[in-house]
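Read the structure below first, then the notes.
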Amino acid sequence: MTRRLLTWAESAVLPVVVTVLVLFLAAPLVVLVATAFTETRYLAFPPHGFTLTWFEGVLTDPTWRAAAWNSLIIAAMSVGVAAVVGAPAAIVLARRGVRAASSLTLLIMVPIMVPSIMYVLGLMLGYNELDVTVPTWGIVLALAVLTTPYLVRTLMAALEQLDPALEEAALSLGASRLRIWVEILLPNVAKSFFSGLSLAFILAFDELVVPLFLAGPDVPTLPVRIYSSVAYNVDPSVAAVSSLLVLVSALVAVLSARDNLRKPVTRKDGTPDGGA
Amino acid sequence: MAELELVGLSKRYGRDLVLDDVSLSVQEGELVTVLGQSGSGKTTMLRSIAGFVTPSGGDILVHGRSVLNAPINQRGIGIVFQNYALFPHLTVRQNVGYGLRVRRLPRHEIRERVDRELERVLLSAYADRKPAQLSGGQQQRVAVARALVLRPRIVLFDEPFSNLDAMLRESLRRELRDLQKRLRFTAMFVTHDQREAMALADRVAVMRGGRLVQMGAPTDVYERPAHRAIAELLGRANLLDCQTAAGEDGRALLRWHGHTLRTDDDLGAAGDGACVLLRPEHVAVRPGAPDAPAPNQLGGVLSSVEYHGPSRLAVISEPGGGTLLADLRSGPADPYLAPGDPVTASWPSAAVRVIDA
Ligand SMILES: Nc1ncnc2c1ncn2[C@@H]1O[C@H](COP(=O)(O)OP(=O)(O)OP(=O)(O)O)[C@@H](O)[C@H]1O
Ligand SMILES: [Mg+2]
């Protein structure tokens, strides 16, 4: 009986998960994207008619373009900072036998666990106390702090997955530690590193709270611009921009996941898959 | 002078003494297999020699000189790992050439030596493949080639065949043996498999609980195990706890469940009791009860027969409650023996080996 129940439960899991995903993730997106094609001047679903006006408008509007440019630069810079700080941190933390590695890892993970609004409020108060307006690199650094944990996590996981015998084999062949890192270990985690980078980039690019609170309307990023236009005048431009944003995020995600999906990870056990 | 020498080597992890005062020496061009149960310290010993484990005591000498302070990447000791540890992102050719590149050899020389090595292990056709595109046996060969291309004088193998099926192991084992004799490197080969240990070795080192308990030629350890546990580690064994008694002719006798055993061994040192090793393949079995009681013979009932192809393993119960294993060679004209049949088991006195412990 239990066995039957179990198999029943198992076979039910996937459809349930898929349904939930579709309902809660895909449905709002469908509504959003569909709305972007409406001919009305207000958001309407289902859309009335079909037009590309809103996309055209958004793509030619200098304020939208400036916002996109801001987002791109800020996200890229913060990911750069996250990479410069996060990669060495991950390399050190993934080493077996590093003292206090687990508490340090926890420390790096704190930004994931603290609600970002609290973190941002703290930053704002700090800047207020100093009586300076937040410079752009302030936003960059704040975003870097928020995205570094994801980068460190993916890279650490990849490094820990590596067979420790790889390093030992290279050592026994006479290679120096530096050489082993550059020629053996890093090439084998490059893919994970890049998917960590793209994840960090998407997070930084889509982040609303940090640029909204720290910069206000002065350096509007795309999410900030969307937010304010929803607050002031709702027209289908917002839907068009959001659709583009979703498209870009999805593209980055697919690009970074493609290699991992297609190719199974290199086997570690070396079990034969056929005769010799 | 010995090529490799361990002197009182020990390793402690916390309170566990994982290697306990191990001393041994391996001659130039010799292949020593290390056999022992799981957890007996084989890998720890090998990793100490390679430099991955820092011993807690003792010394490791290569050609009479301590290597304890030599960095791993300068010990010049080749290693073949159990899971091969091939570099997944490099081709077979790049894997094999890695050590030569590290040594900054000229490019054409690297190419030549790699090609020659790949030919030797029959992998020339696979030079441009990645390790993931090879079968287990092929990966194994790449790992061997990668270590040997540097011509190390000492090569360590940690259960390199344990992921492979029995047929492949056997052929790789023979190839390795050939290669080792031809290139004359000194090798230490850890294995779980007692047949592999004996088939490959010039000498077998038997480990138990972190100690080296016996080291000798395969026939020595098999025929003259120093301990009953070693006898069992090396193959099926009848271990009979006997009482000693004085015989009429003055020669000592052994008694087991009322049966008399004669041995060619010297019983002088044995006290009241002795442990006797009788290998199953030395026990002959014929149908029917014995005609008359005689030494080195007993009557019993066949309690089971296991068919193994070339041989059959018979379990014989004798009336006193003892059991005896007999390995019967299968032949085309074998008498049919079924469980429950009365049988007579007998063996030559040379097969009765007295073990110290
Ligand atoms: N890094 C370590 N820390 C603590 N204990 C260890 C460590 N490495 C090995 N040991 C212990 O040392 C003992 C011997 O281990 P070792 O790996 O040498 O055994 P082995 O003979 O190679 O066994 P197997 O046949 O299973 O490979 C084991 O009890 C193991 O738990
Ligand atoms: Mg081991």
Side-chain angles (χ1 to χ4, degrees), chain A residues 87 91 94-99 154-155 157-196 256 258-276, chain B residues 47 50-53 71-90 94-104 122-123 126 130-143 146-147 149-150 152 155-156 158 160 162-165 167-168 171-172:
Chain A
I91 286 174
R95 290 214 69 83
R96 280 153 281 268
V98 172
R99 265 182 304 140
T154 33
L155 192 53
L159 286 170
E160 279 159 6
Q161 284 271 311
L162 279 186
D163 184 355
L166 287 184
E167 188 177 350
E168 296 179 349
L171 268 177
S172 78
L173 293 171
S176 65
R177 300 266 174 192
L178 180 66
R179 226 189 146 116
I180 295 172
W181 270 107
V182 175
E183 293 181 346
I184 306 294
L185 302 181
L186 292 181
N188 278 302
V189 295
K191 268 184 202 146
S192 312
F193 183 59
F194 285 121
S195 54
S256 74
R258 196 189 48 184
D259 278 330
N260 298 349
L261 288 181
R262 192 179 47 205
K263 210 162 147 197
V265 258
T266 331
R267 52 186 172 182
K268 284 168 56 181
D269 56 356
T271 39
D273 56 353
Chain B
R47 292 174 60 80
F52 301 130
V53 167
I72 303 169
N73 49 12
Q74 282 159 38
R75 288 199 184 186
I77 293 177
I79 304 167
V80 178
F81 292 85
Q82 173 169 5
N83 53 2
Y84 323 134
L86 299 179
F87 307 131
H89 61 303
L90 300 181
Q94 290 167 330
N95 262 283
V96 175
Y98 189 77
L100 298 171
R101 273 207 307 287
V102 166
R103 280 165 182 65
R104 296 179 196 286
L122 310 174
L123 281 175
Y126 301 89
K130 293 277 178 68
Q133 298 166 303
L134 299 178
S135 75
Q138 290 162 342
Q139 294 184 41
Q140 176 56 52
R141 287 201 186 93
V142 178
R146 186 177 65 178
V149 75
L150 299 175
V155 187
L156 309 175
D158 192 359
S162 61
N163 286 331
L164 306 172
D165 60 74
M167 290 278 281
L168 189 57
S171 69
L172 283 176

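Remember, it's a predicted structure, so these values are computed and weren't measured experimentally. A note on names: the letters A, B, ... follow the listed sequences, proteins ahead of strands, and every chain is numbered from 1.
- When heavy atoms are compared at a cutoff of 4.5 Å, Ala190(A) does not approach chain B at all.
- In this structure, Asn95(B) contributes its side chain and Phe87(B) its backbone to a donor-acceptor pair below 3.5 Å.
- Residues satisfying the side-chain contact (heavy atoms from CB on, under 4.5 Å) test with Pro71(B), not counting sequence neighbours, are Asn73(B), Gln74(B).
- Contacts between Leu86(B) and chain A at a heavy-atom distance below 4.5 Å involve the backbone alone (N, CA, C, O).
- In this structure, the portions of Ile72(B) lying under 4.5 Å from any heavy atom of chain A include both its backbone and its side chain.
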What donor-acceptor contacts under 3.5 angstrom involve side-chain atoms of residues 96-104 of chain B, with partners at least two apart or in another chain?
unit_1    : atom_1 : unit_2    : atom_2 : d
Tyr98(B)  : OH     : Glu183(A) : OE1    : 2.8
Arg103(B) : NH1    : Leu173(A) : O      : 2.8
Arg103(B) : NH1    : Gly99(B)  : O      : 3.0

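- For Arg146(B), the parts lying near chain A are the backbone and the side chain together; criterion is any non-hydrogen pair under 4.5 Å.
- Side-chain contact between Leu171(A) and Arg177(A) is present, with heavy atoms from C-beta onward closer than 4.5 Å.
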